[in-house]
Amino acid sequence: MVGLKEELLKSIWHAFTALDLDRSGKVLSHNLCTVLNVPHDPVALEEHFRDDDEGPVSNQGYMPYLNKFILEKVQGNFDKVEFNRMCWTLCAKKNLSKSPLLISDEDAFKVWVIFNFLSEDKYPLIIVPEEIEYLLKKITEAMGAGWQQEQFDHYKIALNTSREGLSAWELIDLIGSGQFSKGMDRQTVSMAINEVFNELILDVLKQGYMLKKGHKRKNWMERWFVLKPNIISYYVSEDLKEKKGDIILDGNCCVEALPDKDGKKCLFLIKCLDKTFEISASDKKKKQEWIQAIQSTVSLLRAGSAPPHKEARQKRKELRQKLQAEQEELERQMRELQAANENKQKELEAVRKQLEAAAARAAEEEKKRLQTQVELQDRFSLELEREKMVRQKMEEQVAQKSSELEQYLQRVRELEEMYKQLQEALEDEKQARQDEETVRKLQARLLEEETAKRAELEKWHLQQQQTIQMTEAEKQELENQRLMKEQALQVAMEQLKQLELERKEALEQYEEVKKKLETAANNTKSWKDKVAHHEGLIRLIEPGSKNPHLITNWGPAAFTEAELEQRERSWKGKKATSE
C-alpha cells in the first residue's frame, strides 16, 4: 500500500502544482474521490476548505486532508489509467510545450505516466540520466532501430554539467523532438511508446494470438491473450474492446505441454484450482515462450516477488544509491586525508620555526659565551650540553614527524589506487550494459523473424480455405459424374474385364511386396475389420492401374471409375437380395 501511495502522490503532485487558486483544491479533491472510488465526505471537505487566511491549499494545509480523507481510504479497486488521465488533464494544459511535437497528445500522456514510474522519490520530481537512457533504449528497441550510445553520451555530458535530470515536460519535449528517433515516422514512434507503456505501466508481460478450447462447446476459437503478473485475459481481437474471460493465476497454478491431438498442434494446458484451459500456439517456439512466461509468472507469485520491470527498476535505484554512497565515502576519506596532511604540514612548520628559534638562541648564547668566556666557562659548558640535548630531541621529533608524514602519504597512494579500481569497476559495468544491449538487439531481430513467420502461416491458412472451397465444387462435379456413369454401366462392364486382367498382373507384383507390408497390415487389421463391417469400403491397398483416378475431398481415390461402377452394381445386387 505504501508503494501505491507513492505512485498516486507523484501524479497528484503534478495536478496540485498546476492549480492557480485555493478554491481549485475542491475540484481536485472531488475528482480524486471519483476516480479512486473513495466515498465523498462533504462535511470534512467544506470544513477543510473554508475561507480563512491560512491558505488551505498550501503544502501544509492540503496534504493532511489528502492523506487522511482520500489516500488512506484507497483500496486499489480503481482504474489507474483513468486516474492518471484525470491528473494529466489538470496539469497538461499549463505545462505542455506549445511548440509542435512529433508525438500525439495521447503519446505525451503515456510518456508522462512512464516518467512518474521511473522518476526519483523526491520532489520536485525529476528523472535521472540513467533512467532516461533506459527509457530511450526501450523505445528504440520497440521501434526496431539501433541505439546510438555515443549520441546519448554527448547528451548526458551536456545534461550533467547543468542539472541532475529532466522534468516530465522536458522528457516529453526530448522524445517529441525526435532527437533519438530520426528516420522514424509518427506511427512507429507511437507504437513503440505504447509497447513500453503496456510493459511498464499496465504490467503486460506477454501478449499474442492463440487458439483456446471452449469448456461447453469444445470448439477452438482464436483469442488475443494478455499475460499480466496475476492474470491472463483473452479478447476477441488485439484492440481489447471485447473481453471474453480471465485466467486467474496464483501459486497453485501450473502449466504443462500436451501432445498433438484432434488435428491441433503445439498444445499446452493451464491448470488452476477450479478450471483447466487447453490452448494451442501457432508454432513450437511460441508454445515454449508462453509456457516459460507463465511458469515465470507463477514462480514470482509463489515467491511474492514484484514483476521483472519493477524489480529491475528497484535494482537500478539501489545500485545508484550504493555508488553514490561509495563516492561520498571516498570523498569524505579524501577530505580527511587532506585535512590530516595539512595538519602535519602545520606541525612540521612549527617544528622548523622552533629549530630556527633554537638556532637563534644558540647564536646569542655563543656571543655571550665569547664575551664572558673566562667568567662563565663552567656555566657555558652546562648550557652547551643542555642545548645539544634539546637539539637531539628536536631532531628525533622531526624524524618521527617525517615518518608519520610518509605513512600518511602511503595511505593517500593506497586510496588513489582504490579510486582507480573503482573506475575500472565502473568501466566493467558499462561494458556489461553494452553486452546487454547487444542481446536486446538480437531479441528484437528474433521478434521480427517471428512476425514474418506468422504472416506466412496466415497466408497458408487462407490458401487452405480456398482449396477447401474448390474441393466442395469438385465433390458436386463428381456427384454429377456418378449419375452419368450409372447410365453407362453396360459399357463399363467391358472395361471391367480388361481391368480385371490388369489387376491380376498387379496382384503378382503385390505378392512381391506383401512380405514388407505384413507387419503394418497386422497392426491395422483390427481397424480395417471394424470399418469394413460398417462401411464395406475398405480393402487392402493394391497397385492401381495406369488409368486416370478419381479425385475426392481427401485426395486421389484408391480405385478407378470402372472399379467404382463394379462396386455400385455389387451394392445394388446386395440391396435387391436383402429386399
Side-chain angles (χ1 to χ4, degrees), residues 102-103 107 110-111 114 118 130-153 155-156 174-175 178-210 222 224-228 238 257 265-266 268 279-297 307-309 311-313 315-316 428-461:
L102 298 179
I103 59 176
D107 294 332
K110 293 178 180 178
V111 173
I114 295 173
L118 297 177
E130 289 80 6
E131 297 297 331
I132 298 175
E133 180 180 3
Y134 170 77
L135 175 58
L136 293 177
K137 280 184 178 179
K138 296 284 288 185
I139 295 176
T140 304
E141 290 174 2
M143 291 188 299
W147 171 245
Q148 301 295 330
Q149 184 66 44
E150 183 178 357
Q151 180 184 2
F152 182 79
D153 289 340
Y155 173 78
K156 183 177 179 180
L174 175 63
I175 296 177
Q179 182 177 350
F180 292 94
S181 59
K182 293 181 180 179
M184 296 295 174
D185 54 40
R186 293 170 62 96
Q187 184 178 3
T188 302
V189 177
S190 178
M191 292 175 63
I193 293 175
N194 184 65
E195 181 176 334
V196 177
F197 178 82
N198 288 338
E199 177 183 352
L200 300 183
I201 306 304
L202 302 183
D203 295 333
V204 175
L205 304 179
K206 189 171 181 59
Q207 56 185 348
Y209 279 107
M210 292 190 294
E222 186 178 49
W224 177 262
F225 286 80
V226 178
L227 172 62
K228 292 187 177 182
E238 56 187 294
K265 298 182 179 181
C266 304
F268 62 93
I279 298 174
S280 173
S282 59
D283 53 52
K284 292 183 179 180
K285 183 177 181 181
K286 289 193 175 180
K287 169 187 174 181
Q288 190 62 28
E289 288 178 353
W290 273 98
I291 291 176
Q292 291 179 353
I294 297 173
Q295 287 176 342
S296 300
T297 302
H309 60 275
E311 188 173 354
R313 180 193 64 168
K315 288 182 179 179
R316 292 195 305 273
D428 293 340
E429 180 186 358
K430 182 177 180 181
Q431 181 63 34
R433 289 184 178 178
Q434 293 176 353
D435 295 340
E436 180 184 2
E437 178 62 23
T438 303
V439 174
R440 288 179 178 173
K441 291 179 180 179
L442 178 58
Q443 292 177 349
R445 182 176 62 79
L446 292 177
L447 181 60
E448 292 177 356
E449 293 177 358
E450 289 179 12
T451 304
K453 185 63 177 178
R454 176 181 171 186
E456 183 179 356
L457 289 175
E458 291 178 350
K459 180 179 179 181
W460 289 354
H461 178 68

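In what follows, every heavy atom counts, from backbone to side chain, and hydrogens, waters and symmetry copies are set aside.
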So which atom in A145 and which in M184 form the shortest heavy-atom distance, rounded to 0.1 Å? CB-CE, 3.3 Å
Identify, with sequence neighbours excluded, every residue that meets ring-ring contact (aromatic ring centres under 6.0 Å, His included) alongside F225. Y234
Spacing of CG belonging to L446 relative to OG1 belonging to T451, to within rounding of 0.5 Å: 10.5 Å
How about M210 and K287: do any of their side-chain heavy atoms sit closer than 4.5 Å? no
Heavy-atom closest pair, residues K286 and A281: C-CB, 4.2 Å
Between the side chain of Q151 and the main-chain N/O of Q179, is any donor-acceptor distance below 3.5 Å? yes
Can you tell me how far NZ of K285 sits from CD of Q288, rounded to the nearest 0.5 angstrom? 11.5 Å
Measure the spacing between OG1 of T297 and CG of L205 and express it to the nearest 0.5 Å. 5.0 Å
Indicate yes or no: does K137 engage E141 in a salt bridge with an N to O separation below 4.0 Å. no
Do E133 and W147 pass the side-chain contact (heavy atoms from CB on, under 4.5 Å) test, and can you show the C-alpha distance, the side-chain angles, and the key distance before you say yes or no? CA-CA 10 Å; E133 180 180 3; W147 171 245; 3.9 Å; yes
Quick one: pull up CD1 in I279 and CD1 in I294 and give me the separation to the nearest 0.5 Å. 6.0 Å
Report yes if the side chains of E130 and K156 come closer than 4.5 Å at any heavy-atom pair, otherwise no. yes
Let me confirm one number: the CD-CZ distance from E456 to R454, rounded to the nearest 0.5 Å. 14.0 Å
For the backbone of L136 and the side chain of T140, can you confirm whether one donor and one acceptor N or O come within less than 3.5 Å of each other? yes
Going by heavy atoms in the side chains, are D153 and Q149 under 4.5 Å from each other? yes
How far apart are the C-alpha atoms of E449 and R445, what are their side-chain angles, what is the distance that settles it, and do they pass the salt bridge (Lys or Arg N to Asp or Glu O under 4.0 Å) test? CA-CA 6 Å; E449 293 177 358; R445 182 176 62 79; 2.8 Å; yes
Find the distance between CD1 (I193) and CD1 (I103) and round it off to the nearest 0.5 Å. 4.5 Å
Side-chain heavy atoms of K228 within contact of V204, under 4.5 Å: yes
Is there a side-chain contact between I139 and F180, using heavy atoms and a 4.5 Å cut-off? no
On the 0 to 90° scale, with breaks at 30° and 60°, tag the W224-Y209 ring pair as parallel, tilted or perpendicular. perpendicular
How close do A257 and I291 get, counting heavy atoms only, and between which atoms? CB-CD1, 4.1 Å
Mind checking whether V189 and L102 have side chains closer than 4.5 Å, heavy atoms only? no
Between D107 and I175, is any pair of side-chain heavy atoms under 4.5 Å apart? no
After noting the C-alpha distance and the side-chain angles of K206 and E289, does the key distance pass the salt bridge (Lys or Arg N to Asp or Glu O under 4.0 Å) rule? CA-CA 9 Å; K206 189 171 181 59; E289 288 178 353; 3.3 Å; yes
Side chains of V226 and N198: closer than 4.5 Å at any heavy-atom pair? no
